[in-house]
Amino acid sequence: MQLYQNQHINIYNSLTGKKETFKPINSGYIGMYVCGPTVYSNVHLGNVRTFMSFDMVFRYLKHLGYKVRYVRNITDAGHLENDADVGEDKITKKARLEEIEPMEIVQRYTVDFHNVLDKFNFLPPSIEPTATGHIIEQIELISKIIDNGFAYEVNGSVYFDVHKYNETNDYGILSKRKLEDLIHNTRALDGQSDKRNPQDFALWKKAEPTHIMRWPSPWSDGFPGWHLECTAMSTKYLGEQFDIHGGGMDLKFPHHECEIAQNQAAKGQAPVNYWMHANMLELNGARMSKSTGNIINPAELLSGKNDIMSKGYSPSVIRFFMMQSAYRSVLDLTDAGLLASEKGFNRLMNAVDDLESLKTSNNSSFDIKKWKQNCYNAMNDDFNTPILIANLFEVVTHINAIKETRATITADDLKLLKETISTFVFDILGLKKTSEDNASGTDKLTGAVELLIALRKEARVNKDFALSDKIRDELAAVGIQLNDGRDGTTFSTN
RNA sequence: GACAAGGUGGCUGAAUGGUUAAAGUAACAGUCUGCAAAACUGUUUUUUAUGAGUUCGAAUCUCAUCCUUGUCUCCA
């Protein structure tokens with residue numbers, strides 16, 4: 001008996017614009033594909049939010065007992081910088097600027113990507129395929145689309161015929177655009193394009209002589225178009241129809257729209273049952289942008305070495321901050337917001353620690369079973385992590401009350417409470433205890449600070465408050481905060 | 001200019017027709033403390049961008065206006 005047989009998830013499907021009861025194609029199994037990063041620069045914090053949302057989804061589906069195959073690709077063949085025929089792919093361009101091999105660019109930023117995700121405690125996907133590793137599949141796909149009459153070759157390049165496709169299919173089914181509107185809004189570039197229509201998109205591009213990344217194909221030495229890789233890799237590993245396709249909101253059009261079209265054109269069926277789109281991350285109320293300087297990368301946010309935030313924040317605090325908003329909402333990253341989350345996160349973690357020393361009674365003054373189901377209800381409602389966290393804080397208040405003997409809990413309920421908290425806080429939200437998050441040289445530090453705490457205690461007993469305050473204040477000045485509690489003094493660093 | 005998603009207390013952010021609009025933070029008070037901080041407890045703040053409409057009833061539906069973000073276009 002798996003949990004998913006009792007817990008029914010509703011997912012907001014971008015395709016229909018409604019929340020729908022989730023039903024996998026094969027009972028007990030889920031295929032999920034998420035568009036991964038283009039590795040031509042350090043991973044963008046907005047990308048981290050998107051992938052974190054799907055990491056949470058992956059974690060929850062697994063927790064429910066589903067066998068999940070989670071595929072997240074690495075785009076290492078580069079998107080075209082623009083869609084004109086003279087387009088240059090992002091990776092090649094970056095390689096030229098840095099005067100190194102394109103695959104060095106790919107290697108460098110793939111490593112960076114994995115490092116950052118590791119810091120934020122991401123689970124690795126089941127498969128992480130690369131675009132360059134699936135050129136053959138992409139060529140096969142193009143041939144099929146040509147055979148089916150939905151693509152044409154011009155001068156060694158192959159384009160998808162959007163107008164032809166739209167006669168029998170709905171180009172715009174996902175993005176809710178109408179082809180007529182697109183035509184109306186497109187001003188053709190005179191004589192610059194081999195395309196029959198400006199709305200057509202490239203499936204295969206003939207490489208210019210200077211283009212380094214190139215592969216042989218029936219049409220020319222060249223490289224695949226930027227929408228094709230996801231179609232090739234998702235269906236290769238998940239089947240021609242699969243359950244969930246995720247990605248950032250910015251990919252909805254044209255990228256995901258084109259994926260649907262390619263699948264329909266090649267195989268005559270829609271590939272995906274549930275489309276999920278994570279919303280954007282803003283910084284201080286505005287879009288992040290290199291050109292305006294309104295940008296912060298993950299490493300800077302963690303270290304505090306930036307001009308935007310007052311300090312660095314731990315990975316779990318940032319994760320907690322992101323989980324406090326729904327994945328479908330725009331989230332505004334601010335220093336005040338992070339500070340608030342940090343305090344809340346610490347409060348939650350204190351309560352989790354207190355669970356170990358709680359005294360049990362013959363009855364419980366709080367309905368743990370009902371509370372537990374409320375946590376599931378929150379997650380089942382389109383992965384509503386903010387509501388889940390609100391529920392967690394409700395139980396934090398009760399934990400504190402039990403600690404101060406204003407409330408009671410039975411041994412059985414305490415066991416259930418511990419298991420449930422651990423499940424939701426660590427397994428599903430993916431948070432880590434503060435001590436596990438910054439485990440660098442803490443032993444020596446702890447020894448030294450505990451010595452100072454002992455000296456201060458002695459001074460306080462002797463009512464030498466000048467000395468005790470000096471110890472406290474000077475530790476505070478270097479970022480070590482002493483916390484006097486009923487049972488002695490502890491410390492925390494920031 | 002077109003399309004899409006949004007605009008909720010000081011800040012972050014839930015709730016999409018139905019009693020007192022979650023939760024965190026902040027502020028204030030109390031407990032603790034030599035004092036402070038931390039911690040814990042309690043209290044306070046919004047009437048849901050603006051205006052009009054539908055409804056017995058709207059943050060939630062409709063229309064208009066303003067603003068934000070994304071994509072396309074333009075520009076470059």
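Considering only the side chain of A/Arg287, B/rU69 comes nearest among B/rU12, B/rU69, B/rA22. Residue A/Asp469 places its side chain closer to B/rC35 than to any other of B/rC35, B/rA5, B/rU12. The A/Leu331 side chain lies nearest to B/rU12 when the options are B/rU12, B/rG24, B/rA22.
For the 3.5 Å distance criterion, the side chains of A/Thr408 and A/Asn363 qualify, holding a donor opposite an acceptor. Under the 3.5 Å distance criterion, with hydrogens and angles disregarded, a donor-acceptor pair is assigned to the side chains of A/Glu229 and A/Asn73. Counting only N and O atoms by type, the side chains of A/Tyr152 and A/Asp200 include a donor and acceptor under 3.5 Å apart. Looking only at atom types and distance, the side chain of A/Asn279 has no donor-acceptor partner in the side chain of A/Ser329 under 3.5 Å away.
Contacts classified as salt bridge (Lys or Arg N to Asp or Glu O under 4.0 Å) and involving residues 45-56 of chain A (residues at least two apart or in different chains) are given here: A/Asp55-A/Arg59, A/Asp55-A/Arg319. Residue pairs satisfying the ring pair (Phe, Tyr, Trp, His ring centres under 6.0 Å) criterion with at least one member in residues 274-312 of chain A, sequence neighbours excluded, are listed as follows: A/Phe22-A/Tyr274, A/His245-A/Trp275, A/His256-A/Trp275, A/His256-A/His277. The salt bridge (Lys or Arg N to Asp or Glu O under 4.0 Å) pairs that include a residue from residues 157-174 of chain A are A/Asp161-A/Arg196, where partners are two or more places apart or lie in different chains. Pairs of residues two or more places apart, or lying in two chains, that qualify as side chain to side chain donor-acceptor pair (under 3.5 Å) and include a residue from residues 372-383 of chain A are A/Gln7-A/Gln373, A/Gln7-A/Asn380, A/Lys19-A/Asp381, A/Tyr60-A/Asn380, A/His63-A/Tyr376, A/Tyr327-A/Asp382, A/Arg328-A/Asp382, A/Gln373-A/Asn377.
Spacing of C1' atoms, B/rC61 relative to B/rG17, comes out at 8 Å, to the nearest Å. Comparing the P positions of B/rA58 and B/rU54 gives an interatomic distance of 12 Å, to the nearest angstrom. Rounded to a whole angstrom, the distance from the P atom of B/rU43 to that of B/rA22 is 13 Å. Only the P atoms considered, B/rC28 is 16 Å distant from B/rU45, to the nearest whole Å. Rounded to a whole angstrom, the distance from the P atom of B/rU62 to that of B/rU55 is 15 Å. Using atom P as the reference point in both B/rA26 and B/rC67, the two lie 35 Å apart (nearest Å). Only the P atoms considered, B/rG51 is 14 Å distant from B/rA59, to the nearest whole Å. B/rC63 sits 27 Å from B/rU73 when the C1' atoms are compared, rounded to a whole Å.
Looking at heavy-atom distances under 4.0 Å, A/Ser341 makes no contact with the nucleic acid at all. Nucleic acid contact for A/Ala476: none, since no nucleic acid atom lies under 4.0 Å from a heavy atom of the residue. Using a 4.0 Å heavy-atom cutoff across all strands shown, A/Ala340 reaches at least one base atom of the nucleic acid. Among the heavy atoms of the strands lying under 4.0 Å from A/Phe321 are primed sugar atoms or P, OP1, OP2 only; no base atom is included. Within the 4.0 angstrom heavy-atom criterion, base atoms lie near A/Arg177. Counting any heavy atom pair closer than 4.0 Å across all strands shown, A/Phe393 reaches sugar-phosphate atoms only and no base atom.
With sequence neighbours left out, A/Asn400 forms a side-chain contact (heavy atoms from CB on, under 4.5 Å) with A/Arg347, A/Asp354, A/Val396. Residues satisfying the ring pair (Phe, Tyr, Trp, His ring centres under 6.0 Å) criterion with A/Phe58, sequence neighbours excluded, are A/Tyr70.
Neither OP1 nor OP2 of B/rC72 sits under 4.0 Å from any side-chain N or O of A/Ser175. Taking side-chain N and O atoms only, A/Asn384 has a distance below 4.0 Å to OP1 or OP2 of B/rA15.
Paired with A/Ile296 under the rule side-chain contact (heavy atoms from CB on, under 4.5 Å), one option of A/Asp307, A/Leu45, A/Asn284 passes, and it is A/Leu45.
Aromatic stacking is marked for A/Phe465 over B/rG34, as both cut-offs hold: 5.5 Å for the centres and 30° for the planes.
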Using a 3.5 Å cut-off and no angle test, enumerate the donor-acceptor pairs between side-chain atoms of residues 416-430 of chain A and protein atoms at least two apart in sequence or in another chain.
| residue | atom | partner | partner atom | Å |
| --- | --- | --- | --- | --- |
| A/Glu419 | OE2 | A/Lys415 | NZ | 3.3 |
| A/Thr420 | OG1 | A/Leu416 | O | 2.6 |
| A/Thr423 | OG1 | A/Glu419 | O | 2.9 |

Scan the side chains in residues 470-479 of chain A for donor-acceptor partners under 3.5 Å anywhere in the protein, sequence neighbours excluded, and list what turns up.
none

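Residues of residues 373-382 of chain A having a heavy atom closer than 4.0 Å to RNA chain B: none are found. Of the residues in residues 161-173 of chain A, none has a non-hydrogen atom less than 4.0 angstrom from any atom of RNA chain B.
Ring geometry for A/Phe201 against A/His227 counts as perpendicular: the plane angle is over 60°, on a 0 to 90° scale with 30° as the lower cut.
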Exercise for review: Report, as a single string ordered 5' to 3', how protein heavy atoms within less than 4.0 Å touch nucleotides 36-43 of chain B: B base, S sugar-phosphate only, - not at all.
Suggested key: BBBSSS--
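A ring-centre distance under 6.0 Å is found for A/Tyr165 and A/Phe160.
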Check your understanding: So what is the 5' to 3' dot-bracket string for RNA chain B, if pairs are Watson-Crick or G-U wobble with both distances under 3.5 Å, crossing pairs use [ ] and | means the partner sits on another strand?
Key -> (((((((..(((.....[....)))((((((.......))))))....(((((..]....))))))))))))....
